[in-house]
Chemist: 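I am attaching a structure below and will ask some questions about it afterwards.
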Number of protein chains: 2
Amino acid sequence: MSHSQTEENYLKAIYQLSQSHPDGVTTKSISQRLNIKAPTVSDMLKRLSAKKLIRHARYKGVTLTQKGTKVALTVIRKHRLWETFLVEKFKFKWDEVHDIAEQLEHIQSPVLVNRLDEYLGFPPFDPHGDPIPTKEGLINSRYEKTLDQITEGSSVEIVSVRDHSSKFLQYLESLSIQIGTRVKVVRRIDYDHSVVIETDDQMEKSLSHRVCANLFVK
Amino acid sequence: MSHSQTEENYLKAIYQLSQSHPDGVTTKSISQRLNIKAPTVSDMLKRLSAKKLIRHARYKGVTLTQKGTKVALTVIRKHRLWETFLVEKFKFKWDEVHDIAEQLEHIQSPVLVNRLDEYLGFPPFDPHGDPIPTKEGLINSRYEKTLDQITEGSSVEIVSVRDHSSKFLQYLESLSIQIGTRVKVVRRIDYDHSVVIETDDQMEKSLSHRVCANLFVK
DNA sequence: TATAAAAATTAGTATAACCTAATTTCGAAG
DNA sequence: CTTCGAAATTAGGTTATACTAATTTTTATA
Ligand SMILES: [Mn+2]
Ligand SMILES: [Mn+2]
Ligand SMILES: [Mn+2]
Ligand SMILES: [Mn+2]
């Protein structure tokens, strides 16, 4: 039994939303994430439930079943492997690959995915620093801390980004910030929660709270 | 304006059928090729016609417009480039790539296709010997002659296969026949139109008429 | 605790892409 | 030139996936 692209997109969205809401994902949040109206989501949840891919009690949040989780992780695995492929082999920028990977993640061929993985040398992370689930469905947990939570004076490394939009990624490039960049928190501004950082090149830069909250660090 | 995968499949089928029926492709032939019932095809032809992708006079055959031809050639280009990629880079056998390429041919991203083309070194032919349309939509015409039309004593080279099925391609492998193989027609058997050939390795092999009709030569 | 706002669901509709059954049109054979 | 079988189309139905409007349920607030 295979699943439609639409179903896969719902499962992936539910998986990702459940990372911050393990006790149940709301219809509204899925609706916003996928840009689909709530009644349509309600409908789909009924179908996914009938297929035993999610658990759903009416008017309550949803959680993925083991079966649903496996599908979601497979889709995420493919998305991140393809993104890595596009950057490593086809010389795309990290802000150009997401939309293409949104399509490639639905290609059905387990053997293709594994050849891709092998061709790339079994990469543990994608170009945005996100962990790539293994063939067995294992995924490293992501670092939880974001740059806005770091105390003054500490030095940290950027390990991944929360926002994958071109806009954000291009802005980071203009600041010379990428995955692996070390930054020192020079000052935290109380007024607007912005942060002044210093990068390797000794330059001081000011980052808004919004930007910092989208940068995972270790 | 983009087209659905379904529409692309129809356009590709019409293009390929029109190679042997330039004056118009029938509803029935499309129906058989795509394994879809004739009324469904009729329906779709109306929609493709409304989009100016085909010309269609009721109860007459269809032809592609320039616009439709362009879409078809783009899909074929992607199909053949991906097949080449899978064989060259991922070490798939030539009989394993068609079904995966049927999916990959629908990925929408002109820049991806051109990077793929570049990555492969702008190959003129796919693993089955079929010509790959260029970015500009140009396609080499295929050799017309098949092995069953060759006179006794002549020596020819296999340039492409008509049938892309695993069954057929695997049978060819078992005979050590591939694209580029030179064969000499030793004898033509009148009784069943089968042909006895001799390959580089001095071995004599008997090929049925059906097999010969699926082997293009030069 | 009563009520209002928000969230979720149900009801009813649309479109793409499929189907079967019925009808129309074409083209070949007599 | 009529007639009949094949091909094509129309009619009417289904499913997946969307939508808006109406209704129900939950939750938050007074
Ligand atoms: Mn992405
Ligand atoms: Mn990513
Ligand atoms: Mn093919
Ligand atoms: Mn091919």
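Below, chains carry the letters A, B, ... as their sequence lines are ordered, and counting in each starts from 1.
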Chemist: Output yes when at least one side-chain N/O atom of H56(A) is less than 4.0 Å from OP1 or OP2 of dT9(C), else no.
Modeler: yes
Chemist: Pick the nucleotide of DNA chain D nearest each of N35(A) and R58(A); which residue has the one closer to the 5' end?
Modeler: N35(A)
Chemist: Could you state the atom-to-atom distance from CD1 of I30(A) to C1' of dT17(D) in whole Å?
Modeler: 15 Å
Chemist: Are any of S4(B)'s side-chain N or O atoms less than 4.0 Å away from OP1 or OP2 of dA16(C)?
Modeler: no
Chemist: So, is S42(B) near the phosphate of dT9(D), with a side-chain N or O under 4.0 Å from OP1 or OP2?
Modeler: yes
Chemist: Which one, dT9(D), dT25(D), dC18(C), comes nearest to the side chain of T27(B)?
Modeler: dT9(D)
Chemist: What is the separation between atom CD on Q32(A) and atom C1' on dA8(C), rounded to the nearest whole Å?
Modeler: 13 Å
Chemist: Does R47(A) pair with E7(A) as a salt bridge, N-O distance under 4.0 Å?
Modeler: no
Chemist: Could you check how far CG of L48(B) sits from P of dA8(D), rounded to whole Å?
Modeler: 16 Å
Chemist: Contact class for R47(A) (heavy atom, under 4.0 Å): base, sugar-phosphate, or nothing?
Modeler: base
Chemist: Please work out if T40(A) contacts a base, only the sugar-phosphate, or nothing of the nucleic acid, heavy-atom cut-off 4.0 Å.
Modeler: base
Chemist: With sugar-phosphate meaning primed atoms plus P, OP1 and OP2, does T6(B) contact a base, only sugar-phosphate, or nothing at under 4.0 Å between heavy atoms?
Modeler: sugar-phosphate
Chemist: Under the criterion side-chain hydrogen bond (donor to acceptor under 3.5 Å, both in side chains), which of H56(A), H21(A), R55(A) is the partner of T63(A)?
Modeler: R55(A)
Chemist: Any ion pair linking D117(B) and R77(B) (charged N to carboxylate O, less than 4.0 Å)?
Modeler: yes
Chemist: When you check the side-chain N and O atoms of D130(B) and H164(B), is any donor under 3.5 Å from an acceptor?
Modeler: yes
Chemist: In whole Å, I'd like the distance from the CD atom of E7(A) to the P atom of dA18(D).
Modeler: 10 Å
Chemist: In whole Å, what is the span from the CD atom of Q5(A) to the P atom of dA16(C)?
Modeler: 18 Å
Chemist: In whole angstrom, give the distance that lies between atom CG of L53(A) and atom P of dA16(D).
Modeler: 14 Å
Chemist: Counting only side-chain N and O atoms of Y59(B), is one of them less than 4.0 Å from OP1 or OP2 of dT10(D)?
Modeler: no
Chemist: If I take atom CG in residue D43(B) and atom P in nucleotide dT20(C), what distance separates them, rounded to the nearest angstrom?
Modeler: 14 Å
Chemist: When you measure from the side chain of K28(A), which nucleotide among dC18(C), dC19(C), dA8(C) comes out closest?
Modeler: dA8(C)
Chemist: Got a salt bridge between K12(B) and E102(B), using NZ or NE/NH1/NH2 to carboxylate O under 4.0 Å?
Modeler: yes
Chemist: Does K46(A) reach a base, just sugar-phosphate, or nothing at all? Heavy atoms under 4.0 Å.
Modeler: sugar-phosphate
Chemist: Rounding to an integer number of Å, can you tell me how far I54(B) CD1 sits from dA8(D) P?
Modeler: 13 Å
